[in-house]
Q: 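Sending over a structure as structure tokens; questions will come in a sec.
Sequence lines set the chain letters: A, B, ... in the order given, protein chains first and strands last, and positions in each chain run from 1.
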Amino acid sequence: MAKAYDPKQYEQPLYDWWESQRYFKPEYADNLGEPFVISMPPPNVTGALHLGHAITTSVEDFMIRYHRMKGEAALWVPGTDHAGIATQLQVELALRREGTSRQELGRDKFLERVWEWKAKYGGMITKQMRRLGASCDWERERFTMDEGLSRAVREAFVRLYEKGLIYRGEYLINWSPGLQTAVSDLEVEYTEEDGKLYFFKYMLADGTDFIPVATTRPETVLGDTAVAVHPEDERYSRFIGQMCVVPILGRQIPVIADPYVDRAFGTGAVKITPGHDPHDFEIGRQHHLPTINIMNKDATLNENGGAYQGLDRFVARQKLWVDMEAMGLTIEAKPYKMQVPRSQRGGEIVEPLVSTQWFVKTQPLAEVSLKAVADGQIKIVPERFTKIYNNWLENIRDWCISRQLWWGHRIPVWHCRDCQGMTCTRADPTQCAQCGSQAIERDPDVLDTWFSSGLWPFSTLGWPDDTPDLRRYYPTSVMETGYDILFFWVTRMVMAGLEFTDDVPFRTVYLHGLIRDEHGKKMSKSSGNVIDPLVVMDEYGTDALRFTLLTGSTPGSDMNLSMERIASNRNFCNKIWNATRFVISNLGVSFRSRDSTWDLAELTVPDRWILSRLNQITAETTRLIEDYNFGEAGRQLYDFFWSEFADWYIEVAKIRLQSEDAFVQSTTRQVLVYVLERTLRLLHPYIPFITEVAWQHLPHEGESLMVARWPRSYDRLDQQANEQMAIMIDLVRTIRNSRAEYRVEPAKWISAYIVAGDQTTMLVKHREVISKLARLEDSSLHIAPQLDQKPAQAIGLVISNGIEIYLPLADMIDLTAERERLTKELARLSQWMTATQGKLNNGNFVNKAPAAVVQQERDKLADLEVQQTKMKAQLQQLS
RNA sequence: GGGCGGUUAGCUCAGUUGGUUAGAGCGCCACGUUGACAUCGUGGAGGUCACAAGUUCGAGUCUUGUACCGCCCA
């Protein structure tokens with residue numbers, strides 16, 4: 001084994017070997033019991049791996065590996081998403097570079113190009129996921145646009161259509177002028193930006209007076225169809241019912257009263273533009289106002305814009321204001337922080353626009369989805385997201401599912417030129433279902449990408465066919481994803497699952513947080529703080545990245561990721577590597593491993609202690625993992641491995657392996673191998689590569705760690721070993737501390753007197769370990785129950801159980817300093833004792849606290865009293 | 001406006017149902033190449049757990065309020 005672990009050398013070959021052994025397949029388990037199933041959230045097919053994918057993959061692979069090791073049939077279904085807008089944009093960009101466009105190519109040729117693109121770049125991201133160690137069943141990989149899934153989409157659409165849950169209508173939608181398509185409410189983000197609040201006069205038709213009105217978008221006055229005031233607003237009540245005049249255009253519109261108007265905002269009077277504002281659209285409907293669309297699809301003004309026709313919306317805004325100024329209609333324009341709606345994709349300003357689109361009626365679907373969670377059929381982890389889930393579904397609006405794109409699932413509806421009727425069927429129709437005419441034309445729009453991903457948990461298993469996979473692996477066990485797509489995706493899968501399969505799509509939703517940079521800032525290209533997981537894996541290894549992602553935060557909360565943290569976890573991997581190196585290089589040729597039955601009588605305290613700790617840590621991590629606290633479990637394993645196994649047990653083992661006693665040697669080896677092997681198993685779901693490599697070097701049964709059994713824990717707790725080891729550790733640390741304080745050369749062997757009372761036998765038994773660890777000269781180490789005469793010119797120390805230590809460092813002792821040190825120690829002790837005494841003197845504490853807690857305090861106080869007595873004696877001796 | 005989360009060591013974060021003297025990593029100080037590991041070891045410094053009140057024998061942990069930060073929804 002090399003001196004340091006080199007991930008590059010092992011990761012790829014190991015992954016290939018695992019896959020070739022068919023370990024990733026659920027069939028490998030040969031277990032007909034309840035399977036454990038995850039559908040991988042499909043990444044964009046032409047995307048590149050980023051940290052969001054990395055954490056998703058790490059967490060899911062963690063769960064899959066854990067359940068696989070428990071012997072369950074573990075299935076992780078991978079796949080990719082066609083990502084309508086994102087992919088289309090990429091191909092369009094490529095076309096632009098070639099000096100052509102999709103319009104020039106035409107729809108069919110364009111789609112050919114997209115498929116070519118997909119063929120070229122489509123495998124990239126899944127290759128990158130393999131680098132993360134993803135143990136998914138690649139033979140079951142799916143793509144949202146493949147034949148089977150397209151059929152699922154078609155089936156789903158037709159069913160909803162037939163049920164009347166899909167309708168087409170003219171509504172105010174979010175229009176993305178650059179992308180030339182509608183986007184759903186969820187795809188719009190609101191950012192606070194500097195704008196202006198424009199105050200102007202809405203003249204009454206009779207010219208007698210005006211109503212002051214404020215707006216952030218003056219150009220929309222061209223589409224105004226009313227001015228609204230609050231019904232109880234005395235300032236304006238006299239205007240209600242009167243007509244006023246649209247500036248420039250001269251149209252007459254009414255003044256209406258609506259409680260929606262915020263009297264405190266602006267002037268308290270608002271213009272109503274149903275064609276270009278969602279709130280106004282609602283008011284317009286309630287008051288039966290006409291809707292005027294003033295904008296073309298490219299965000300220039302149309303014929304309703306009068307003189308401004310053809311101008312871009314922002315140019316029109318300026319020009320109109322100047323013109324109104326000239327007419328004396330303006331009051332002022334104040335700087336104002338406005339909420340600007342921007343497209344999540346591309347970032348351009350989105351325009352509310354009236355347009356004909358396809359919608360899903362979500363109300364009935366949302367109701368059953370709420371019920372599924374309320375009934376506990378689906379559990380959301382962390383639980384607090386349940387409220388967010390509920391809140392969203394309770395206020396859900398109809399879902400605009402049509403997109404004016406070419407790449408995607410085309411809407412399976414044919415329009416008849418003769419009767420204007422619509423035909424929606426599973427197989428492509430040749431004639432109109434209404435009138436029989438053959439003059440039918442397919443709707444040009446495609447479906448929102450999330451429509452197909454909503455079907456993902458069951459479409460990937462073969463739905464709508466009744467396949468063996470669907471029967472065996474559906475519903476899936478856990479849906480693991482980021483909380484940022486709870487609405488986009490999770491809710492829609494629940495709605496779709498319940499609607500189409502009559503069952504929940506998954507039993508548990510586990511949501512992880514977002515990854516930010518080390519100071520909590522969002523990673524972005526413009527900030528230059530993006531961490532590329534591929535670069536990290538190159539530099540530190542996959543395991544370091546995975547361990548960092550898995551242990552870096554608590555469930556559902558964001559993680560600040562820093563390279564320092566990754567580096568320290570790389571060091572952890574190296575620690576494992578070297579600990580393994582130590583163990584195997586000390587095994588000797590005749591080593592035989594043994595099972596978990598140990599005869600405690602033949603073991604020493606450190607053996608019993610580490611076995612007991614292993615057992616505790618096994619129980620604890622298993623409990624935490626079952627409770628979805630993967631991070632805490634991982635952190636505990638880290639601490640156990642480093643601070644207990646490596647720092648103490650291995651250090652003890654070094655000494656005992658040099659023993660003349662063959663039995664001592666062989667026991668130590670067996671404990672070393674046993675504990676290391678079990679710990680590697682516990683760590684494997686976190687850091688699969690290093691653990692497998694290390695495991696392969698160790699004596700083992702079975703061919704791979706990844707299919708080894710998850711360790712079981714036992715109820716037995718070796719309390720005595722834990723206590724005695726604690727004493728030894730305390731003893732060694734205390735001596736080391738004094739050595740450092742007195743600047744004893746690290747290499748120097750010193751003499752010591754240990755007055756150990758009833759711990760004497762135990763300490764004598766471990767004399768060699770203690771002397772070596774504390775670097776005490778064997779010939780001048782005295783361990784006795786008591787000492788008639790305290791050594792002169794010695795540093796006196798007292799630790800728990802009243803054990804006294806004397807270090808005769810004659811030439812180094814400064815009596816004054818020693819007195820000072822002991823006095824300080826005593827002060828600290830007495831402070832502690834006062835606190836403990838206080839508790840015990842409190843009748844309420846003694847009566848109400850659990851007996852064990854009270855006893856604990858009593859024991860503590862007794863121990864402190866003994867320490868105090870001995871320390872006082874030591875002080876006295878010095879004076 | 002409604003909701004959620006956060007505030008713990010210089011930095012980044014843990015702290016499981018309330019119960020020893022509140023922990024880790026990084027950073028810092030001192031020392032150290034004794035054959036697992038300098039991607040390391042040994043020892044150390046560093047915190048009135050945002051603030052206030054309350055519940056309790058006991059609060060970092062539960063309740064209420066306040067301040068600040070972040071996110072989601074409208």
Q: Answer yes if the side chains of Y260(A) and D280(A) hold a donor-acceptor pair under 3.5 Å, and no otherwise.
A: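 No.
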
Q: Hey, does Q831(A) reach any base, or is it just sugar-phosphate, or nothing, if we go heavy atoms under 4.0 Å?
A: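 Answer is nothing: Q831(A) stays at 4.0 Å or more from every strand.
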
Q: Tell me which nucleotide among A14(B), G19(B), C26(B) gets nearest to the side chain of E564(A).
A: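 Nearest to the side-chain atoms of E564(A), counting from C-beta on, is C26(B).
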
Q: Identify whether any heavy atom of R733(A) sits under 4.0 Å from a base atom; if not, whether one sits that close to sugar-phosphate; answer base, sugar-phosphate or nothing.
A: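 Answer is sugar-phosphate: R733(A) comes under 4.0 Å of backbone atoms only.
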
Q: Quantified in whole Å, what is the C1' atom distance between nucleotide A52(B) and nucleotide C68(B)?
A: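 Result for the C1' pair: 15 Å, nearest Å.
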
Q: Which whole-number value in Å describes the distance from W648(A) CH2 to A36(B) P?
A: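 Spelled out: CH2 on W648(A) to P on A36(B) is 17 Å.
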
Q: Using a heavy-atom cut-off of under 4.0 Å over every strand shown, decide if E383(A) touches base, sugar-phosphate, or nothing.
A: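 Nothing, no nucleic acid heavy atom in range.
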
Q: Whole angstrom is fine here: how far is it from OH in Y389(A) over to C1' in G5(B)?
A: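 Rounding to the nearest Å, OH of Y389(A) and C1' of G5(B) are 21 Å apart.
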
Q: Considering only C73(B), G19(B), C57(B), which nucleotide approaches the side chain of V853(A) most closely?
A: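 Ranking C73(B), G19(B), C57(B) by closest atom to the V853(A) side chain puts G19(B) first.
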
Q: Is there side-chain contact between P259(A) and H230(A), with at least one heavy-atom pair below 4.5 Å?
A: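 Yes; the side chains approach each other to less than 4.5 Å.
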
Q: Side chain of N737(A), heavy atoms from C-beta onward: which of G43(B), G19(B), U12(B) has the nearest atom to it?
A: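 My answer, after comparing the listed nucleotides, is G43(B).
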
Q: Watson-Crick or G-U wobble partner for C26(B), using a 3.5 Å limit on both distances?
A: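 By the stated definition (distances under 3.5 Å), G10(B) pairs with C26(B).
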
Q: Report yes or no: do N578(A) and Y5(A) form a side-chain donor-acceptor pair below 3.5 Å?
A: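 Y5(A) and N578(A) do not have a side-chain donor-acceptor pair below 3.5 Å.
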
Q: Which part of the nucleic acid, if any, lies within reach of F487(A) when heavy atoms closer than 4.0 Å are counted: base, sugar-phosphate only, or nothing?
A: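 Touches sugar-phosphate only.
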
Q: How far does the P atom of G70(B) sit from the matching atom of U63(B), given to the nearest Å?
A: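 It works out to 25 Å between them.
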
Q: Distance check needed: G27(B) P versus M563(A) CE, whole Å only.
A: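 Whole-Å distance recorded here is 15 Å.
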
Q: Checking only heavy atoms, does the side chain of Q636(A) share a donor-acceptor pair with the base of A24(B) at less than 3.5 Å?
A: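 There is none.
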
Q: Taking the minimum atom-to-atom distance to the side chain of N844(A), which one of C57(B), G19(B), C4(B) wins?
A: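 Given the options C57(B), G19(B), C4(B), the side chain of N844(A) is closest to C57(B).
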
Q: Could you tell me whether E626(A) and R623(A) have a side-chain N and a carboxylate O separated by less than 4.0 Å?
A: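 Salt bridge flag = no for R623(A) with E626(A).
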
Q: Would you indicate what R775(A) reaches in the nucleic acid, counting non-hydrogen atoms under 4.0 angstrom: base, sugar-phosphate, or nothing?
A: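 Answer is base: heavy atoms of R775(A) come under 4.0 Å of a base.
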
Q: Return the residues of residues 1-10 of chain A meeting this criterion: a heavy atom under 4.0 Å from some atom of RNA chain B. Order them by number, or give none.
A: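 Correct list: K3(A), A4(A).
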
Q: Ignoring backbone atoms, test whether K575(A) places a side-chain nitrogen or oxygen under 4.0 Å from the OP1 or OP2 oxygen of G41(B).
A: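 For G41(B), OP1 or OP2 has a side-chain N or O of K575(A) closer than 4.0 Å.
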
Q: Heavy atoms only, 4.0 Å cut-off, all strands: where does S568(A) land among base, sugar-phosphate and nothing?
A: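 Here S568(A) touches the backbone only, sparing every base.
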
Q: Write down the atom of A2(A), the atom of R581(A), and the distance for their closest heavy-atom approach.
A: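 Here A2(A) and R581(A) meet closest at O-CD, 3.1 Å.
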
Q: Closest to the R581(A) side chain: A30(B), G3(B), C37(B)?
A: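 So the nucleotide nearest the side chain must be C37(B).
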
Q: Taking only the C1' atom of each, what is the distance from G3(B) to A59(B) in whole angstrom?
A: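 Pairwise C1' distance, G3(B) against A59(B), rounds to 27 Å.
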
Q: Without decimals, in angstroms, what is the distance between E394(A) CD and G2(B) P?
A: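 Roughly 17 Å, once rounded to whole Å.
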
Q: Scan every strand shown for a Watson-Crick or G-U wobble partner of C51(B), both distances under 3.5 Å, and answer none if you come up empty.
A: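 Across all strands, the one nucleotide that pairs with C51(B) is G65(B).
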
Q: Can you tell me if the side-chain N/O atoms of N571(A) get under 4.0 Å from OP1 or OP2 in C37(B)?
A: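 Answer no for this pair, as no side-chain N or O of N571(A) is under 4.0 Å from OP1 or OP2.
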
Q: For I566(A) and G25(B), give me the distance from atom CD1 to atom P, rounded to whole Å.
A: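 To the nearest whole Å, that distance equals 17 Å.
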
Q: Say we look at C51(B) and G6(B): how far apart would their C1' atoms be, to the nearest angstrom?
A: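 It comes out at 15 Å once rounded to the nearest Å.
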
Q: Under 4.0 Å between any heavy atoms, over every strand shown, what does W749(A) touch: base, sugar-phosphate, or nothing? Just pick one.
A: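 Nothing, no heavy atom under 4.0 Å.
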
Q: Heavy atoms only, 4.0 Å cut-off, all strands: where does L486(A) land among base, sugar-phosphate and nothing?
A: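 Result for L486(A) = nothing.
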
Q: When you compare U61(B) with A50(B), how far apart are their C1' atoms, in angstrom units rounded to a whole number?
A: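 Taking atom C1' in both U61(B) and A50(B), they lie 16 Å apart.
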
Q: Roughly how many Å is it from CG in N842(A) to C1' in G58(B), rounded to a whole number?
A: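 Rounded to the whole Å, the gap is 9 Å.
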
Q: For G58(B), what is the paired nucleotide under Watson-Crick or G-U wobble rules, both distances under 3.5 Å?
A: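 Because no pair has both required distances under 3.5 Å, G58(B) counts as unpaired.
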
Q: Can you tell me how far C1' of C73(B) sits from OH of Y483(A), to the nearest Å?
A: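 It is 14 Å, rounded to the nearest whole Å.
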
Q: For R635(A), answer base if it contacts any base atom (sugar-phosphate contacts may also be present), sugar-phosphate if it contacts only those atoms, and nothing otherwise; contact means non-hydrogen atoms under 4.0 Å.
A: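 Sugar-phosphate contact only.
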
Q: If the plane angle is over 60° it's perpendicular, under 30° parallel, otherwise tilted; pick one for F645(A) and F641(A).
A: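 Ring orientation, 0 to 90° scale: tilted.
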
Q: If we take the C1' atom in both C11(B) and G32(B), what is their distance in whole Å?
A: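 Each nucleotide's C1' atom is 27 Å from the other's.
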
Q: Expressed as a whole number of Å, how far does the C1' atom of G5(B) sit from that of G10(B)?
A: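 My reading of the C1' atoms in G5(B) and G10(B) gives 25 Å.
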
Q: Considering Watson-Crick and G-U wobble pairs with both distances under 3.5 Å, what does A38(B) pair with?
A: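 Pairing partner, where one exists within any strand: none, as none qualifies.
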
Q: In terms of side-chain heavy atoms of P746(A), which of C37(B), G32(B), G15(B) is nearest?
A: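 Selected nucleotide: G32(B).
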
Q: Classify the angle between the aromatic ring planes of F547(A) and F572(A) as parallel (below 30°), tilted (30 to 60°) or perpendicular (above 60°).
A: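 The arrangement is tilted - the two ring planes meet at 30° to 60°.
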
Q: At under 4.0 Å, does any side-chain N or O of W642(A) touch on OP1 or OP2 of G41(B)?
A: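 Yes, W642(A) has a side-chain N/O under 4.0 Å of OP1/OP2 on G41(B).
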
Q: By nearest atom, which of the nucleotides C4(B), A14(B), A36(B) is closest to the T554(A) side chain?
A: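 Out of C4(B), A14(B), A36(B), the nucleotide with an atom closest to T554(A)'s side chain is A14(B).
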
Q: Under a plain distance cut-off of 3.5 Å, with no hydrogens placed, do D863(A) and S800(A) share a side-chain donor-acceptor pair?
A: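 There is no such pair between these side chains.
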
Q: Would you classify A646(A) as touching base, sugar-phosphate or nothing, given that sugar-phosphate means primed atoms plus P, OP1 and OP2, and contacts are heavy atoms under 4.0 Å?
A: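 Answer is base: heavy atoms of A646(A) come under 4.0 Å of a base.
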
Q: Per the atom types in the model, does the base of U39(B) pair as donor or acceptor with the side chain of R570(A) at under 3.5 Å?
A: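 Under the 3.5 Å cut-off, the side chain and the base do form a donor-acceptor pair.
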
Q: Counting any heavy atom closer than 4.0 Å, what does T836(A) reach on the DNA or RNA strands: base, sugar-phosphate only, or nothing?
A: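 Nothing, no heavy atom under 4.0 Å.
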
Q: Mind checking the P distance from C26(B) to A38(B)? Whole angstroms is fine.
A: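 Between the two P atoms, the distance is 15 Å.
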
Q: Regarding N629(A), tell me which of base, sugar-phosphate or nothing describes its non-hydrogen contacts under 4.0 Å with the strands shown.
A: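 Nothing: the residue N629(A), judged by heavy atoms under 4.0 Å, touches no strand.
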
Q: Let me confirm one number: the CZ-CZ distance from R285(A) to F281(A), rounded to the nearest 0.5 Å.
A: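 Taking CZ in R285(A) and CZ in F281(A), the distance rounds to 4.5 Å.
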
Q: Run the side chain to side chain contact (heavy atoms under 4.5 Å, CB included) check on M728(A) and L773(A) step by step: do they pass?
A: CA-CA 10 Å; M728(A) 278 199 267; L773(A) 290 180; over 6 Å; no

Q: Could you check whether the rings of F630(A) and Y510(A) sit parallel, tilted or perpendicular, using 30° and 60° as the cut-offs?
A: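 Ring orientation, 0 to 90° scale: tilted.
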
Q: Within this structure, what is the CZ-to-C1' distance between R516(A) and C69(B), rounded to whole angstrom?
A: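 The distance from CZ of R516(A) to C1' of C69(B) comes to 12 Å, rounded to the nearest Å.
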
